[in-house]
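To start, the structure itself, in structure tokens.
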Protein chains: 2
Amino acid sequence: MTKTPGKLIPKVPSPKVPSVPGAVSRRAHYSATTKRALIDVAEELFTANGYAGTSLDSIVAGARVTKGALYHHFSGKRAVFEAVFDRVESQAGQTITQALKRQRDPWSRAMAGLEAFLEVVQQPTYRRIVIQDGPSVMGYERFRELEERSTFATMTDIVRALLKAGDWDVDEAMLKTFTTIFFGAMSSAGESVATSDDTAQAAARVEAAIGFLLAGLQGLADRGAAGPSPHVDDEDEPEAAGD
Amino acid sequence: MTKTPGKLIPKVPSPKVPSVPGAVSRRAHYSATTKRALIDVAEELFTANGYAGTSLDSIVAGARVTKGALYHHFSGKRAVFEAVFDRVESQAGQTITQALKRQRDPWSRAMAGLEAFLEVVQQPTYRRIVIQDGPSVMGYERFRELEERSTFATMTDIVRALLKAGDWDVDEAMLKTFTTIFFGAMSSAGESVATSDDTAQAAARVEAAIGFLLAGLQGLADRGAAGPSPHVDDEDEPEAAGD
DNA sequence: GTTCCCACATACTGTGAGTACGTACTGAGA
DNA sequence: TCTCAGTACGTACTCACAGTATGTGGGAAC
């Protein structure tokens, strides 16, 4: 709506700039700017109205281009979403990584990570794009695949350090299982925090609950308890080879 | 599956049956049958192709009616999805509740519930409709609202018993927080189990991991540790009244 | 200056959700 | 048995939106 038919892109009158080696061309710069504008607008609209509730027309209108531009830069609506997802995800990963830098002890690192994650997960953009729409739009497998490269990776490091601190050595599969559990717990908790009336208090409750779980683990570590090991009961899958 | 393509709506030539008191009328029966057929087909197609990938035309074609029938019974596509969601959810809740009946001890009830949930969450229908598409299609709040009436409710009972067994008395908000955490952990774990190559072994790992966490809690309980309590640091919300 | 081609714009198509309205059949009353 | 009303659909449309085919203007290499 209110489609302003104004000039597209920053139509500067183009002074003759000799192409400095190493500098991007004007064309390339325009192109990159257009693409960024599309992603910016898309992020905003996806956050506000969700994936299904956002039309490509509204995106290109917001970026003051046409569908031709969008389809030049992206293969389709899903690709636009993935670009937005990617950016939101990596920003979240950086935020959490940053919060960890001050902590040395694995247990306090875990709590710091939790705190940072609870901050992140309260951002409407992260909630809507990553948690709510992500799995549905991209499919769970692709979703996890992208997650694995940022936030999930950071979380894996935290959990790895935790298990090491407890003197439990587990294989990669078990590590991943633990991380998945924690990640799911915190995503869900984060959503409930975000939808709560009093987010601060809800966050405090989540921290208390997770802290309580960690305290339980710490207790096991202090008592030198054996690590987790899956007892395999073969019901219909007799062989259990592979990773 | 293997939905037999037999006649859905029994187009019997209608012999004159005097309306027996207590029996539903022929019209009502037809109507209910049509509605069920629509939900059946919708469940199948939503599971196979997802919400966005399923057209109303394909649903009504599968049920051998037209869109007029569908819009007579449902307000729209979302309403069809909710009807399917409701059924899938309540079935899952019943399955889990059933699995709990044999167990008395809170800790073993928790593990039995976990096991049952892991079974449920591997069903393609539950995964796709409840976990993957649910939050996106219905919105997180409506999603949680419906969840709260079946699976989540069962899980709340389990967690309540667990906390009671540990002699920790927490308020309803804290109980909900704990349940949310466990629910999220298990949903996420269930998804990873379902997408795993060797589901049996993956499920075993999840059980080991959750069991390990519970063992930690049990250790705290044995040592008479104090329960979880949120330390409230008032940043911008000075008052903390009401739930 | 000429030419190329990239980065778009324009105009179109197909599909699918939702709607307006028509109609046949059923069940209740006379 | 004959209305008669209303339910339970069917038919035919509209509108919105994702995607496509093709045209074009302007920077950049020569």
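Letters A, B, ... mirror the listed sequences (proteins, then strands); counts begin at 1.
- For CD of B:Gln122, the number of neighbouring non-hydrogen atoms (other residues, nucleotides, ligands) closer than 6.0 Å is greater than 12.
- Remark: the backbone N or O of A:Ala185 is not paired with any side-chain donor or acceptor of A:Ser188 at under 3.5 angstrom.
- A heavy atom closer than 4.0 Å to some atom of DNA chain C occurs in A:Ala69, A:His72, A:His73, these being the qualifying members of residues 69-77 of chain A.
- Nucleotide C:dA17 holds its P atom 4 Å from the CG atom of B:Leu56, rounded to whole Å.
- Evaluation of atom-type donor-acceptor distances gives no pair under 3.5 Å for the side chain of A:Lys67 against the base of C:dA9.
- Residues passing the ring-ring contact (aromatic ring centres under 6.0 Å, His included) test with B:Phe183 are B:Phe117, B:Phe152, sequence neighbours excluded.
- The distance from atom NZ of A:Lys35 to atom C1' of C:dC6 is 15 Å, rounded to the nearest whole Å.
- Using a 4.0 Å cut-off, some side-chain N or O of A:Ser25 falls inside it from OP1 or OP2 of D:dA28.
- Between A:Thr34 and C:dA7 there is no side-chain N or O to OP1 or OP2 distance below 4.0 Å.
- For A:Ser196, the side chain to side chain donor-acceptor pair (under 3.5 Å) criterion is met by no residue, not counting sequence neighbours.
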Atom pairs under 3.5 Å, N or O on each side, protein against nucleotides 22-25 of chain D: can you list them with distances?
none

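- A side-chain contact (heavy atoms from CB on, under 4.5 Å) with A:Val41 is found for exactly one of A:Ile39, A:Leu38, A:Leu45, namely A:Leu45.
- Applying the ring-ring contact (aromatic ring centres under 6.0 Å, His included) criterion to A:Tyr51, with sequence neighbours excluded, gives A:Phe46, A:Phe81.
- Around NZ of A:Lys176, the count of heavy atoms belonging to other residues, nucleotides or ligands within 6.0 Å does not exceed 12.
- Among the atoms of the strands shown, base atoms are found under 4.0 Å from some heavy atom of B:Thr66.
- Among the protein residues, A:Thr54 comes within range of the sugar-phosphate backbone only, with heavy atoms under 4.0 Å from sugar or phosphate atoms but none that close to a base.
- The backbone N or O of A:Glu115 sits nowhere less than 3.5 Å from a side-chain atom of A:Glu119 that would complete a donor-acceptor pair.
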Protein-nucleic acid N or O pairs under 3.5 Å, nucleotides 20-22 of chain C:
none

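- Straight-line distance from the OH atom of A:Tyr30 to the P atom of D:dG27: 7 Å, rounded to whole Å.
- Using bins of under 30°, 30° to 60° and over 60° for the plane-to-plane angle, the ring pair A:Phe182/A:Phe178 lands in the parallel bin.
- Protein atom CG of B:Asn49 is 11 Å distant from nucleotide atom P of C:dG16, rounded to whole Å.
- With a 6.0 Å radius and a threshold of 12 heavy atoms from other residues, nucleotides or ligands, B:Glu141 has its CD atom at or below the threshold.
- When the shell of 6.0 Å around CZ of B:Arg142 is examined, it contains more than 12 heavy atoms from other residues, nucleotides or ligands.
- In this entry the distance linking CG of B:Asp57 with P of D:dA12 reads 14 Å, nearest Å.
- The CZ-P distance, from A:Phe81 to D:dA18, rounds to 14 Å in whole Å.
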